[in-house]
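Worksheet: the structure to be examined is printed underneath.
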Amino acid sequence: MPLSDNEQRLLEQMERALYAEDPKFASTMRGANRRAGAGRKILIGAAAISLGLVGLVAGVAGKNYVLAILGFIFMLAGTAYAVSSQRKGGPAGVVSAAGTVKGRPVKRRGGGNGSFMQRLEDRWDRRRDQN
């Protein structure tokens, strides 16, 4: 049942209020929707699973175990393809209160403030000092 005009306006107002109050949560919820290519990806995965099943059954029935193994591998690959997530290539970082995205700090490996063990000891000392 479609929403009435009044209900649609109320829903839009609630969405705007949510986005103004907590933009990070709103953007997270917006990203929870299915992506555009997800249906096609599931369809291709289902087709691969079906073809793999046919290969598996034909291989076992004809005692051609190489075909059966290839069919199983094809089914496994189709399943992995169908359930894998698409990577979103948008901005990565932290959303500020104003709704802008701040980049994540770059993590340095090695060097830094001494050796790995020294940093662990420093962290341990800070924890003991806080308690």
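Side chains are part of it too, since the values below use all heavy atoms of this structure and drop only hydrogens, waters and symmetry mates.
Contacts of I44 classified as side-chain contact (heavy atoms from CB on, under 4.5 Å), with partners at least two apart in sequence or in another chain: R40, Y81.
For the pair S50/M75, no side-chain contact is recorded, criterion being any heavy-atom separation below 4.5 Å from C-beta on. Side-chain contact between F116 and L120 is present, with heavy atoms from C-beta onward closer than 4.5 Å. Two residues are said to be in side-chain contact when any heavy atoms from C-beta on lie closer than 4.5 Å; R119 and R123 fail this criterion. The closest side-chain heavy-atom distance from N64 to V66 is below 4.5 Å.
K41 places no side-chain N or O within 3.5 Å of a backbone atom of V83 that could act as its donor or acceptor partner. The backbone N or O of S4 lies less than 3.5 Å from a partner atom in the side chain of E7, making a donor-acceptor pair.
How far CG of D5 is from CG of L10: 11.0 Å, rounded to the nearest 0.5 Å. In this structure, CD in Q118 is found 4.5 Å from CG in D122, a value given to the nearest 0.5 Å. A distance of 10.5 Å separates CZ of F74 from CD1 of I49, quoted to the nearest 0.5 Å.
With hydrophobic clusters built from ILVMFWY side chains whose heavy atoms lie under 4.5 angstrom apart, F72 shares a cluster with V57.
Shortest non-hydrogen contact noted between A68 and L56 is O-CD1, 3.2 Å. Heavy atoms only, all atoms of each residue included: A82 and G45 are closest at CB-CA, 3.9 Å.
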